[in-house]
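Keep in mind that the numbers below use all heavy atoms, side chains included, and drop hydrogens, waters and symmetry copies.
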Amino acid sequence: MSLLLNPHPSLLSHIFPKFIRKTPIPSSTFFSPMIKDKFPTRSTYNFSFNDPAYPSSKPNISSESGPENPSVVDEWGENSGPEPEPTSKLIDTDPPIDDDEWGGSAVVSGNGIPAVDEEDGGNTVKEERLWELKRALVDTVYGSDFGFRASAEIRAETLELVSQLEAANPNPSPTESPELLDGNWVLVFTAFSELLPLLSVGSIPFVKVEKIGQSIDTRSLTIENSTTLSTPTFTLSFSASAAFEIRSPSRIQVEFKEGSFNPPEIKSSVDLPESVNIFGQNINLSFVQQFLNPLQNAVAGVARAISGQSPLKIPIRGGQTKSWLLTTYLDKDFRISRGDGGLFVLVKEGSSLLDW
């Protein structure tokens with residue numbers, strides 16, 4: 001048993017003659033200085049046995065090897081050496097510069113669209129873009145009677161422009177900007193079904209919906225919607241006042257209180273249009289104007305008699321007194337709001353957008 005655990009070296013040499021070296025292996029065979037210099041953390045071992053089946057392996061340094069081009073055989077028998085450094089075909093060239101067609105630097109944003117530097121007129125470019133969209137929207141709905149007579153194509157184009165403006169809303173918290181929200185607003189387009197009966201009045205001969213407006217006062221938290229109808233002999237206006245509460249940075253809750261009917265304003269002269277469309281027939285009214293000239297003085301007297309009368313106030317009651325209004329776009333002269341399924345596009349009174 002002790003012989004098996006501690007065998008004598010001479011005994012092992014007789015049993016395994018092929019695996020016992022009689023001479024020590026040189027240290028240079030275990031470790032190559034060249035490999036040590038090139039790979040400090042890795043050693044290459046080349047084992048050599050006294051058997052033809054295991055030929056000795058030694059570092060193969062070719063005749064072309066030198067300090068600048070060493071050639072070493074690795075543990076797999078392949079020549080290894082330092083990788084050549086990539087050489088560039090561009091010699092002494094400046095780094096590429098992204099120039100646009102005008103010679104300026106083109107910075108591309110994440111979506112592939114050239115970005116505009118805010119310090120280099122970015123705000124001005126954005127304002128011009130918004131102005132173009134607003135101008136295009138107002139021009140598109142012009143002559144459509146607030147959208148009542150708009151064709152399907154006009155409506156589709158209007159809704160597309162509305163979506164683009166809402167996506168670029170410069171004031172996402174309109175209720176926190178009273179200096180922009182306050183003032184008198186003029187309706188230019190609507191898709192609100194409850195206004196259709198009112199807008200259909202404009203299809204009656206000699207009657208026209210002259211103006212629909214909205215006045216907002218954030219200090220008193222009040223809103224007043226007003227409408228003006230015009231005929232050849234008088235102008236009639238009525239309004240509905242409401243109180244509102246701020247529910248979110250962009251939404252208010254509205255509750256209508258009362259309606260008001262102002263006395264008709266009699267025109268000093270009968271103002272007939274040159275022609276009128278009745279049941280698809282365009283009728284010239286120039287001859288009628290000649291017969292109305294003698295009535296001018298009588299009409300002027302009636303106008304002076306009823307002027308200065310106080311408006312008629314009517315309380316508003318019922319389940320339709322409450323509503324909500326969400327402002328989706330707001331700037332100094334343009335506003336887009338949505339309420340109870342309706343869409344309203346308004347321009348602030350005095351804006352050049354109303355100069356048709």
Checklist entry - Shortest non-hydrogen contact from P263 to P311? => result CD-CA, 4.1 Å
Next on the checklist: Counting C-beta onward and ignoring hydrogens, is there a side-chain heavy-atom pair between N225 and F238 closer than 4.5 Å?
Outcome noted: no
Next on the checklist: Salt bridge or not between E349 and K211? Use side-chain N to carboxylate O under 4.0 Å.
Outcome noted: yes
Next on the checklist: How long is the straight-line distance from CD1 of I316 back to OG1 of T321, given to the nearest 0.5 Å?
Outcome noted: 8.0 Å
Checklist entry - Do I336 and V186 belong together in a cluster built from hydrophobic side chains that touch within less than 4.5 Å? => result yes
Item to check | pair D139-Y142: side-chain heavy atoms closer than 4.5 Å | outcome: no
Item to check | Steps toward side chain to side chain contact (heavy atoms under 4.5 Å, CB included) verdict (E127, E132) | outcome: CA-CA 9 Å; E127 291 177 0; E132 292 175 358; over 6 Å; no
Checklist entry - Should L354 and I212 be counted in the same cluster of Ile, Leu, Val, Met, Phe, Trp and Tyr side chains packed under 4.5 Å apart? => result no
Checklist entry - Just wondering, do V138 and V347 contact through their side chains at under 4.5 Å, heavy atoms? => result yes
Item to check | Check: R335 side chain, Y329 main-chain N or O, donor-acceptor pair, under 3.5 Å | outcome: no
Item to check | Non-hydrogen side-chain atoms of K257 and K313 separated by less than 4.5 Å | outcome: no
Next on the checklist: Tell me the closest heavy-atom pair linking K126 and A168, and the distance in Å.
Outcome noted: CE-O, 4.5 Å
Checklist entry - Counting only N and O atoms by type, is there a donor-acceptor contact under 3.5 Å from the side chain of S144 to the main-chain atoms of V141? => result yes
Checklist entry - For the ring pair F192 and F344, is the centre-to-centre distance below 6.0 Å? => result yes
Checklist entry - Rounded to the nearest 0.5 Å, how far does CZ of F189 lie from OG1 of T158? => result 5.0 Å
Item to check | Among T328, L159, T190, side chain to side chain contact (heavy atoms under 4.5 Å, CB included) partner for L343 | outcome: L159
Please list, one pair per line, the donor and acceptor atoms closer than 3.5 Å that link side chains of residues 147-154 to other protein atoms, with sequence neighbours excluded.
| residue | atom | partner | partner atom | Å |
| --- | --- | --- | --- | --- |
| R149 | NE | D145 | OD2 | 2.6 |
| S151 | OG | I154 | N | 3.3 |

Checklist entry - Do the non-hydrogen side-chain atoms of T228 and T235 ever get within less than 4.5 Å of each other? => result yes
Item to check | Salt bridge present between K134 and D333 (N-O < 4.0 angstrom) | outcome: yes
Checklist entry - Can you tell me how far CG of L133 sits from CG of L161, rounded to the nearest 0.5 angstrom? => result 6.5 Å
Checklist entry - If you measure from CG on L326 to CD1 on I252, what distance do you get to the nearest 0.5 Å? => result 9.5 Å
Checklist entry - Is S177 reaching over with its side chain to a backbone N or O of E179, donor-acceptor style, under 3.5 angstrom? => result no
Checklist outcome for this item: Sequence neighbours excluded, the answer for salt bridge (Lys or Arg N to Asp or Glu O under 4.0 Å) partners of R251 is none
Next on the checklist: Main chain of P174, side chain of N171: is a donor-acceptor contact present, judged purely on distance under 3.5 Å?
Outcome noted: no
Checklist entry - Can you name the nearest heavy-atom pair linking L325 to S337, along with the distance? => result CD1-CB, 3.8 Å
Next on the checklist: So does S226 get a backbone contact from the side chain of S239, meaning a donor-acceptor N/O pair under 3.5 Å?
Outcome noted: no
Checklist entry - Do the side chain of N184 and the main chain of S215 share a donor and acceptor less than 3.5 angstrom apart? => result no
Checklist entry - Can you get from V345 to I216 by hopping between Ile, Leu, Val, Met, Phe, Trp and Tyr side chains that sit under 4.5 Å apart? => result no
Item to check | Derivation and outcome, salt bridge (Lys or Arg N to Asp or Glu O under 4.0 Å), residues R247 and E245 | outcome: CA-CA 6 Å; R247 295 297 178 86; E245 298 178 0; 3.3 Å; yes
Checklist entry - Do you reckon W324 sits in the same ILVMFWY cluster as L330, going by side-chain contacts under 4.5 Å, direct or chained? => result no
Checklist entry - Once you round to the nearest 0.5 Å, how far does OG1 of T227 lie from CG of L236? => result 10.0 Å
Item to check | Partner residues of S323 under the side-chain contact (heavy atoms from CB on, under 4.5 Å) criterion, sequence neighbours left out | outcome: D340
Next on the checklist: For the NZ atom of K332 and the CG atom of L180, what is their distance to the nearest 0.5 Å?
Outcome noted: 10.0 Å
Checklist entry - Taking C-beta and beyond as the side chain, do I223 and F256 meet within less than 4.5 Å on heavy atoms? => result no
Checklist entry - For F261 and I314, what are the C-alpha separation, side-chain angles and deciding distance, and is it a side chain to side chain contact (heavy atoms under 4.5 Å, CB included)? => result CA-CA 8 Å; F261 290 87; I314 301 177; 3.7 Å; yes
Checklist entry - Taking it one step at a time, do D217 and S220 satisfy side-chain hydrogen bond (donor to acceptor under 3.5 Å, both in side chains)? => result CA-CA 6 Å; D217 188 352; S220 59; 3.2 Å; yes
Checklist entry - Hey, any chance W185 and V209 share a hydrophobic cluster, counting ILVMFWY side chains that come within less than 4.5 Å of each other, even indirectly? => result yes
Item to check | pair Q214-L346: side-chain heavy atoms closer than 4.5 Å | outcome: yes
Next on the checklist: So V162 and L137, do their side chains get closer than 4.5 Å, heavy atoms only?
Outcome noted: yes
Next on the checklist: Does K208, at its NZ atom, have more than 12 non-hydrogen atoms belonging to other residues, nucleotides or ligands within less than 6.0 Å?
Outcome noted: no
Checklist entry - If you measure from the Lys or Arg side-chain nitrogens to the Asp or Glu carboxylate oxygens, is any gap between R338 and E166 under 4.0 Å? => result yes
